[in-house]
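Only one structure is covered here, and it is reproduced in the block below.
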Amino acid sequence: MATEIQVEEPRSVPAVRVRDARKDDIEPVAANHFEDGEDEPQLSKPATAFDVLTHTIHLQDDPSLPAITFRSMLLGIGLSVFGGVLSGIFYFKPQPVYIPAVFIAVVAFMLGEAMSLLIPRRGALGRFLNPGPFNVKEHLAVTIMANAASTSALGLQIITTERLYYDRRLNGALTFFMLMSSQCLGYGMAGLMRRILVYPAAMLWPSNLPINAMLERLHSRAPSNRKPLRVFLWVFLGIFFWEIIPQWICPVLTGVSIFCLANRTSPVFTNIFGGAAGNEGLGLLSICLDWQYISGGSSPLYFPVSSLISQGIGITGCIALFAGVYYANVWDAQKFPFLSQLIFSDASTPDNPVQWNQTAAIGADGKIDMAAVGALGLPSFAASNVLNILLTNMCIAAAVTHLVLWYPAELKAAFRFLDPRRITSKLKSLTGRGGMAAQGSPAVAANTSEASYDPHYLLMQNYTECPDWWYGVVLILSVVVAFVVIYEANSTLPWWGLIVACIVGYCHLLIFGSMQGITGVSFTIQSIIQMIGGYMRPRFPVANMYFSLYSYNTLLQGTLLAKDLKLAQYGHLAPRTTFWMQMAGTVVGAALNYVMADSIIDNQADILRSIQGTNIWSGADAQQFNAQAVTFGGFPHELFSVGGKYQWVPLATFFGFLAPLPGWWAHRRWPQLGFDHVNTPVILFYLCYLNLGINSSVMTFFLAGFASQWYVRRRYPNIFVKYNYLVSAALDGGTSVMVFILSFAVLGAARAAVAFREYPASFSAVQTAGI
């Protein structure tokens with residue numbers, strides 16, 4: 001029997017929380033929002049976050065649906081193998097290819113439905129193999145397991161770099177345990193933080209909303225679901241076939257710029273208005289008609305409007321800042337490319353940028369050879385890369401202040417484990433229960449306010465909670481294995497360095513896990529963590545790589561776990577089922593990542609070392625990782641300390657701490673002006689967002705985002721809550737399926753790329769003119 005929570009009951013949405021617009025703009029929903037029990041929202045005002053949480057994903061659940069079946073385990077393991085193999089292969093591709101969760105969910109649905117229809121249900125064996133219709137709990141469990149396996153382990157960077165540049169080869173067992181310890185370290189930390197990163201309604205994790213909306217619609221048999229399902233299918237099929245055009249037939253649609261067409265020979269026009277090719281330009285006023293680049297795995301349709309406003313302010317400032325610094329020749333900017341992530345020699349000229357010879361600077365012991373550096377000179381960065389590091393520093397500092405000012409209760413809860421009374425209570429509970437405490441003492445539980453929790457959290461009370469000690473065991477085992485790895489692998493990272501790495505990872509997970517949960521923005525801060533490691537252990541690039549592995553990867557994997565825990569909470573999947581599916585997916589993914597990487601490195605080493613690579617294989621990611629380790633790990637004092645060429649990179653951190661204060665004060669002084677929608681860390685992050693990649697999609701991204709979250713959400717709230725996130729999932733799903741097919745069929749993922757046709761010279765000129 002399905003259970004349903006009536007949202008007007010006081011206990012489901014406490015008035016104290018729902019009227020705290022400063023945090024999440026959540027308001028109580030009235031009973032007349034549903035008419036005669038139909039799935040038709042009746043909203044007469046702009047849709048709030050609470051409307052999204054209760055109308056896009058409904059507050060109803062059927063605990064009797066089985067999640068762990070033969071079918072779900074077979075599909076989960078099969079898709080985990082599929083994802084682990086592909087993510088291992090895609091790491092070595094010239095163009096980054098990712099496996100989005102919505103793609104996994106679409107494939108899982110097709111396979112699950114096929115199994116339910118084709119496998120006979122006769123007898124006990126038939127009912128075991130096919131227990132009935134493929135249900136939403138099975139679907140969600142499969143998606144979470146396969147998604148955990150489909151993310152390339154950050155440890156692949158170390159495996160590849162050590163083999164290619166340091167002639168070091170770890171044995172298979174040690175490599176596997178390195179991957180597992182680094183992956184599970186973040187899992188353990190995030191699991192213990194779930195009361196901060198997952199349960200609160202403020203932690204919306206917007207990227208999950210399209211997936212949950214899609215799952216609910218695909219499995220609903222209600223008559224009112226027919227129209228939304230048709231909308232999903234038509235949008236899915238439409239974008240599926242459309243993507244053939246910009247991806248293969250007419251790639252010029254990736255970016256169209258009237259300004260670049262008007263002046264095809266001007267480097268200034270290309271730098272400012274170009275962006276259809278990697279590192280070409282800033283994409284100002286360009287139009288992109290390829291959803292793969294518009295979305296890029298982060299659909300503009302799901303970002304809250306407050307996040308979009310902050311992103312837009314940041315992007316506008318980024319264009320002005322990058323152009324101003326470059327053409328003012330700050331840091332000798334014009335000697336180097338306008339946009340680049342490489343490190344350069346001071347011998348570079350505007351017409352001939354020269355890469356710094358990092359191979360000559362590294363001794364046989366893996367340590368920087370300062371005598372060789374004296375002959376080479378210190379490395380230099382493109383100005384855009386310097387700004388990226390500087391503003392990321394400011395972003396980290398601003399995020400700390402932002403959380404202290406706007407979310408003090410949640411921040412306090414993150415460090416509640418240090419409370420002596422809590423520790424004593426836990427010890428007493430462990431003694432009384434023979435070590436199997438799951439919930440802690442009533443006194444501690446009472447201190448944890450559930451008034452701010454997501455309304456879907458109440459439905460999760462039908463299931464047994466996953467005990468904290470499970471995540472604690474994962475964390476402790478990961479740290480112990482990590483200690484063994486850093487010594488057995490001769491990493492040159494001392495034991496205290498690993499402890500510092502774990503502390504840095506915990507703090508960054510707390511800060512940026514919270515920020516990603518609130519805003520939907522995935523922050524990239526690896527360069528800053530490598531700088532911290534460099535100051536701690538200068539002249540040791542290998543130690544810097546391991547420091548990054550056990551700190552930055554903690555953030556990546558921790559946010560992945562927290563996001564999937566929220567996905568499970570929205571879909572009402574039992575917490576213990578979620579835990580085991582994530583752990584199983586991680587093991588399968590890590591093992592297959594290593595198997596594929598080992599084979600590819602052995603057979604393609606020369607190509608992976610080359611600068612250009614081929615259209616099938618490339619070592620660009622490992623090259624960049626190694627360059628950053630050499631630079632940040634080798635010369636932190638010479639480059640970044642006071643008196644160094646880039647001294648303002650660390651000094652700007654202090655200004656970052658102050659950056660959120662004006663907006664916070666202005667909101668307290670004039671609360672009606674909406675300064676609470678301005679997120680300073682997001683602004684700072686997007687002030688350097690255009691430092692790499694294809695940027696022609698930025699303007700189209702904001703057009704789509706504001707059309708959805710500002711116009712439709714305010715003018716047509718009923719359409720918004722019913723269709724917005726469903727359409728987002730359909731666009732991402734159809735795109736990812738077609739891109740996957742084209743990648744292997746004609747775009748060079750499995751063999752040489754096949755061009756659609758040879759275009760006339762005039763058209764080719766347009767295509768390469770910076771548009």
Side-chain angles (χ1 to χ4, degrees), residues 12-14 16-18 20-27 48-54 56-57 59 101 144 186-187 189-213 298 302-307 310 399-400 402-416 448-460 465-466 471 506-523 555-573 575 578 582 676-677 679 681-682 725:
S12 64
V13 188
V16 173
R17 172 177 70 80
V18 298
D20 190 0
R22 174 179 64 81
K23 289 187 176 181
D24 50 21
D25 288 338
I26 293 180
E27 299 177 5
T48 65
F50 184 80
D51 296 325
V52 171
L53 290 177
T54 55
T56 300
I57 311 167
L59 285 172
I144 288 174
Y187 280 3
M189 290 183 183
L192 295 173
M193 289 187 196
R194 64 194 186 281
R195 293 172 183 82
I196 300 99
L197 298 180
V198 179
Y199 297 163
M203 300 300 162
L204 190 63
W205 292 97
S207 61
N208 285 333
L209 295 173
I211 301 173
N212 285 107
S298 300
Y302 68 61
F303 283 102
V305 70
S306 59
S307 181
S310 299
V400 174
H402 182 87
L403 289 175
V404 170
L405 294 176
W406 294 98
Y407 298 92
E410 288 82 356
L411 198 61
K412 182 179 178 181
F415 292 97
R416 186 173 290 134
T448 304
S449 173
E450 296 187 3
S452 63
Y453 281 4
D454 181 341
H456 290 272
Y457 173 78
L458 290 173
L459 288 173
M460 299 299 289
E465 177 61 280
C466 186
Y471 290 104
Y506 180 91
C507 294
H508 282 91
L509 175 58
L510 169 63
I511 296 167
F512 289 102
S514 299
M515 293 301 300
Q516 186 173 343
I518 294 166
T519 66
V521 175
S522 178
F523 294 85
L555 170 63
L556 292 182
Q557 292 304 123
T559 52
L560 176 63
L561 176 126
K563 182 166 71 73
D564 281 354
L565 285 176
K566 193 71 170 187
L567 183 71
Q569 181 166 302
Y570 285 153
H572 316 127
L573 184 66
T578 304
Q582 287 181 312
D676 54 328
H677 290 306
N679 190 307
V682 173
Y725 299 98

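Everything numeric here is computed off the predicted structure, so don't read it as measured data.
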Does Tyr407 reach the side chain of His402, with side-chain heavy atoms less than 4.5 Å apart?
-> yes
Verdict with reasoning, Tyr187 to Leu560, per side-chain contact (heavy atoms from CB on, under 4.5 Å) = CA-CA 8 Å; Tyr187 280 3; Leu560 176 63; 3.8 Å; yes
Looking only at heavy atoms, what is the nearest atom pair of Leu509 and Gly186, with distance?
-> CD2-O, 4.2 Å
Distance from Tyr457 atom OH to Arg195 atom CZ, nearest 0.5 Å?
-> 7.0 Å
Nearest 0.5 Å, what's the OH-CD1 distance between Tyr506 and Ile511?
-> 11.0 Å
His456 (side chain) donor-acceptor with Leu53 (main chain) under 3.5 angstrom | yes
For Ala190 and Gly558, which heavy atoms make the closest approach, and how far apart are they?
-> CB-O, 3.3 Å
Keeping the roles fixed (side chain from Lys566, backbone from Met203), state whether a donor-acceptor pair exists under 3.5 Å.
-> yes
For Val198, does its backbone N or O pair with a side-chain atom of Asp454 as donor and acceptor, under 3.5 Å?
-> no
Measuring from His572:NE2 to Leu458:CG, what's the distance to the nearest 0.5 Å?
-> 10.0 Å
How many angstroms lie between atom CG of Leu555 and atom CZ of Phe523, to the nearest 0.5 angstrom?
-> 10.0 Å
Please work out whether the ring planes of His508 and Phe512 are parallel, tilted or perpendicular, with thresholds of 30° and 60°.
-> parallel
Looking only at heavy atoms, which two atoms of Tyr570 and Leu209 are closest? And how far apart?
-> CE1-CD2, 3.8 Å
Nearest heavy atoms of Leu510 and Leu197, plus distance in Å | O-CD2, 4.3 Å
Less than 4.5 Å apart, any side-chain heavy atom of Phe303 and any of Pro206?
-> no
Would you check if Gln582 and Ile144 make a side-chain contact, meaning some heavy-atom pair closer than 4.5 Å?
-> yes
Any chance you could measure Thr519, atom OG1, to Asn679, atom CG, to the nearest 0.5 Å?
-> 6.0 Å
Are Met460 and Tyr199 side-chain neighbours, meaning at least one heavy-atom pair lies under 4.5 Å?
-> no
Taking C-beta and beyond as the side chain, do Thr559 and Ser522 meet within less than 4.5 Å on heavy atoms?
-> no
Any side-chain heavy-atom pair of Lys563 and Asn208 under 4.5 Å | yes
Does the pair Trp406 and Ile518 meet the rule for a side-chain contact (heavy atoms from CB on, under 4.5 Å), with working shown?
-> CA-CA 12 Å; Trp406 294 98; Ile518 294 166; over 6 Å; no
Report the distance from atom OG1 of Thr578 to atom CD of Gln569, rounding to the nearest 0.5 Å.
-> 10.0 Å
Pro200 to Arg194 - nearest heavy-atom pair and separation | CD-O, 4.4 Å
Candidate pair Ser514 and Leu403, rule side-chain contact (heavy atoms from CB on, under 4.5 Å), full reasoning | CA-CA 8 Å; Ser514 299; Leu403 289 175; 4.1 Å; yes
Look at the side chain of Trp205 and the backbone N and O of Asp564, then say whether any donor-acceptor pair between them is shorter than 3.5 Å.
-> no
